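Letters A, B, ... mirror the listed sequences (proteins, then strands); counts begin at 1. Values below: all heavy atoms of this structure, side chains included; hydrogens, waters and symmetry mates excluded. Note that this is a predicted model, so its numbers are computed, not measured.
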Protein chains: 2
Amino acid sequence: MLQDTIKALSDPNRRKILELLKGGPMSAGEIGRHFEMTGATLSHHLSILKKAQLVSDEKKGTYIYYEINTSVMEDIMSWIVSFLEDKNE
Amino acid sequence: MLQDTIKALSDPNRRKILELLKGGPMSAGEIGRHFEMTGATLSHHLSILKKAQLVSDEKKGTYIYYEINTSVMEDIMSWIVSFLEDKNE
DNA sequence: ATAATGTTTAGAAATTTATCTAAATATTTC
DNA sequence: GAAATATTTAGATAAATTTCTAAACATTAT
C-alpha cells in the first residue's frame, strides 16, 4: 500500500538503512554497526521496511540478510508523476 | 528539505488535500468541506504542507487560496530515481 | 464601530511512533 | 546439550503527531 511505503520512508533512519542497502545486501548486525540505536530498535525499523516491501530478508545460517527492493518505489513514482501530469487538467 | 517533504506527504489527509488542489486553487474553507476535521486541524495540515513548500497561499480578500506546488515533488523523484539507478553500482 | 464570516493560534488531550531493557528464539560450535 | 552469537519479541517509556475547543485576528458589510 502506498501509505505503508511513504510512512516507511518518512523516517530518516529508515532512509539511511535503504541508502546502505543500495551497496548490496547486509545482515542486520552489519547495518546496526552504522547506527547508535539498539538492535531491538533496528529490528523494529527493519520490520517496517519489510512490511512496506521496501526490503526483503533471507536467512543464511545465523545471519539474516536484508536486501533493498526498489520495485515498490516505482509506485510512489507513479503517484508523484500523476501530480506533475494531471495538474489543472 | 527532503525530510519536510516526505513527512508532509506521509499523512493521508494531507495527500488528499493535494489531490483536491490538483484541480486548481481552493480556499481553506472549500478544502475543509471535503473533510470531517475541524478548521483548526485543517489549518495545521495546511501549514505543514506550506512549510514543505508543497502548497503556496495567496490572500484574496476574506479568503486564502491554496495552490499546489509540484516543483518540490521533483526532489523526491530525484531521490527515488537515485535508488533505481545506483543500486549495486 | 459592530456584526458576520473565514482563517489561524494557543494550549490541552488523544493517538501514534521511536526507543529502550530484558527476555525469548534460532543457529552454530565446542 | 551448553555456550556463544545474531536477531526478534514483549512490554514499558518517551517523544512526536494529530486532533480538539476556545480564543484571537482579519476582512467585509451593515
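- Between B:L54 and B:I48, the closest side-chain pair of non-hydrogen atoms is not below 4.5 Å.
- Rounding to whole angstrom units, CG of residue A:D57 and C1' of C:dT27 are separated by 16 Å.
- Of the candidate nucleotides D:dT5, C:dT8, D:dT8, D:dT5 has the atom nearest to the side chain of A:T62.
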Begin from the C-alpha positions of B:Y65 and B:K59 and carry the test side-chain contact (heavy atoms from CB on, under 4.5 Å) through to its verdict. CA-CA 6 Å; B:Y65 284 90; B:K59 196 163 206 163; over 6 Å; no
Do A:L9 and A:R14 pass the side-chain contact (heavy atoms from CB on, under 4.5 Å) test, and can you show the C-alpha distance, the side-chain angles, and the key distance before you say yes or no? CA-CA 6 Å; A:L9 293 175; A:R14 288 194 289 265; over 6 Å; no
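- Atom C1' of nucleotide C:dT9 and atom CG of B:L46 are separated by 14 Å, given to the nearest angstrom.
- Looking at the side chain of A:K59, the nearest of the listed nucleotides D:dT8, C:dT8, C:dT27 is C:dT27.
- Closest non-hydrogen pair, B:M26 versus B:E30, comes out as CA-OE1, 3.5 Å.
- The distance from atom CG of A:L42 to atom P of D:dA6 is 14 Å, rounded to the nearest whole Å.
- Surrounding CZ of B:F35 are more than 12 heavy atoms belonging to other residues, nucleotides or ligands, all under 6.0 Å away.
- Between the CD atom of B:E58 and the P atom of C:dT7 there is a distance of 14 Å, rounded to whole Å.
- Salt bridge annotation for A:K16-A:E19: absent, with no cationic side-chain nitrogen under 4.0 angstrom from a carboxylate oxygen.
- Within the nucleic acid shown, B:Y66 comes within 4.0 Å of sugar-phosphate atoms alone, with no base atom in reach, counting heavy atoms only.
- Distance OH (A:Y63) to C1' (D:dA4): 11 Å, rounded to an integer number of Å.
- Between D:dA6 and A:S27, no contact under 4.0 Å exists linking OP1 or OP2 to a side-chain N or O.
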Nucleotide by nucleotide, nucleotides 13-24 of chain C touches protein heavy atoms under 4.0 Å in the pattern (B base, S sugar-phosphate only, - none) ----SSBBBB--
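- A straight line from CD1 of A:I64 to C1' of C:dT25 spans 10 Å, rounded to a whole angstrom.
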Under the side-chain contact (heavy atoms from CB on, under 4.5 Å) criterion, do B:I31 and B:I17 qualify, and how do the steps go? CA-CA 7 Å; B:I31 296 170; B:I17 291 171; 4.1 Å; yes
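- At a threshold of 4.0 angstrom between heavy atoms, the contacts of B:S47 with the nucleic acid are absent.
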